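These numbers come from a predicted model, not from an experiment.
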Amino acid sequence: MMRKKITLTVLLSVSFMNLNAQVGINTSTPPATLDVISKGNTASGKALKINNSSSNELVTVLDNGNVGINKVDPSGKLHIVGDASTNDVLYLENLQEENASRQFTHVLVNNSTGKIVKAKAGGSSTILTNYRSSGQQVLDQTTNSSQLVEFSSNDSLIESATSFNASTSTFTILEDGYYLVSGFVGFNGFRNDFTTVSQYIAMNLFFEVSTNGGGSWNQLTGVRNTFIGASAGVGTTISISPIALYLNANSQIRLMIQRPQINGNLTLGTPAGSNGHINLPTGQSYSKSVLIIKQ
């Protein structure tokens, strides 16, 4: 009877050890279920290696934290050598392009956080934002104050350089860096009573930037277009050529239009239809656009 009690006690003790054991390699006080301490203290010393049944080294962990997959001496925090015959190196699930007709997509790395994200539909590896619209925008023809060129979320072609606020038509820069900024609007400053070059309509188009959440705005770059005499009845595109500038993350950008001076007749012509408003010039596909490209 005593022998049975001793055997039962030993079996229970072994079971308890199996369920609660903490194994240490090169440590007598493992704080985890498995704690491995590298044998050496040099960068090239190996803390862990895993071989396959053919004694080929598949996984390597160096003392400095570098991890190699099919690489016995990894030179980076993760060093992977793929299969040369199939080009298989790394699989990232749930990052595939929604458009199944495209064979490849792109991923982007956030320089501030290191986070890897999928490029937005369209597959461009360039960090850029492009909004363009074919709709008309009615302007206040009785003021010489600057007016916001409006966009909607539906106008987005691609957006990886900024985030967009539809209620304020502002674009917020996501990362510090150099950017190319450009834009255009279609406009018709119709005046059928203009006959000489001394009669003209001037329109300013420019970008503004805010670095304090929209509390104040400063002009970035712009252009003036003048409609003179009889040509004031001809529609045109007012375009801002690309300009390179450095922008900090969280800076906000917006596109503005302005008639700088008003005299005589307060309207820009017949207010009906598209006259004196942002419109779609004949033969053009878009009435307004913003393009922001990170360099």
Side-chain angles (χ1 to χ4, degrees), residues 1-98 103-120 123 125-127 159-163 172-178 213 246-251 294:
M1 185 68 178
M2 179 64 68
R3 183 177 180 180
K4 290 182 179 180
K5 287 183 177 180
I6 293 173
T7 301
L8 179 60
T9 300
V10 171
L11 288 174
L12 289 174
S13 299
V14 171
S15 298
F16 180 79
M17 289 174 64
N18 286 339
L19 291 173
N20 297 277
Q22 291 174 304
V23 178
I25 300 177
N26 285 331
T27 178
S28 59
T29 57
T33 303
L34 176 61
D35 187 7
V36 180
I37 304 297
S38 180
K39 186 176 180 179
N41 59 0
T42 64
S44 60
K46 294 183 180 180
L48 175 69
K49 75 172 185 175
I50 300 175
N51 293 352
N52 64 11
S53 58
S54 300
S55 298
N56 296 320
E57 193 168 331
L58 301 181
V59 179
T60 304
V61 180
L62 299 184
D63 192 64
N64 62 5
N66 288 0
V67 177
I69 299 177
N70 288 333
K71 183 67 176 178
V72 300
D73 53 349
S75 57
K77 291 306 176 187
L78 179 60
H79 193 153
I80 302 174
V81 176
D83 188 333
S85 63
T86 62
N87 290 324
D88 289 344
V89 177
L90 179 66
Y91 284 87
L92 300 175
E93 295 193 7
N94 298 321
L95 289 178
Q96 295 92 333
E97 171 69 71
E98 293 91 341
Q103 185 178 4
F104 296 102
T105 188
H106 299 271
V107 293
L108 304 174
V109 179
N110 186 308
N111 290 330
S112 299
T113 66
K115 182 179 180 180
I116 297 177
V117 298
K118 179 177 63 175
K120 203 169 181 180
S125 58
T126 303
I127 301 176
E159 185 173 20
S160 56
T162 66
S163 61
T172 300
I173 298 296
L174 298 180
E175 299 178 355
D176 295 350
Y178 285 95
Y246 190 88
L247 295 170
N248 294 112
N250 298 316
S251 297
K294 189 174 189 297

Show the nearest heavy-atom pair for residues Gln22 and Ala32, with the distance to one decimal. CB-O, 3.3 Å

Of all heavy-atom pairs between Pro74 and Gly68, which one has the smallest distance, and what is that distance? CG-N, 3.5 Å

Might you point out which heavy atoms bring Thr172 and Asn250 nearest each other, and give the distance in Å? CG2-CA, 3.7 Å

Please name the pair of heavy atoms, one in Val67 and one in Val61, separated by the smallest distance, quoted to 0.1 Å. CG2-CG2, 4.3 Å

Side chain proximity check, Ser163 to Leu174, heavy atoms < 4.5 angstrom: yes

For Lys71 and Thr60, which heavy atoms make the closest approach, and how far apart are they? O-OG1, 3.5 Å

CG of Leu247 to OG1 of Thr162: how many Å apart, nearest 0.5 Å? 11.0 Å

In Å and rounded to the nearest 0.5 Å, what is the CD to CG distance from Glu57 to Asp73? 9.0 Å

When rounded to the nearest 0.5 angstrom, what distance separates CG in Asn70 from CG in Leu58? 6.0 Å

Output for pair (Asp35 CG, Thr27 OG1), nearest 0.5 Å, gives 5.5 Å

Less than 4.5 Å apart, any side-chain heavy atom of Asp176 and any of Asn248? yes

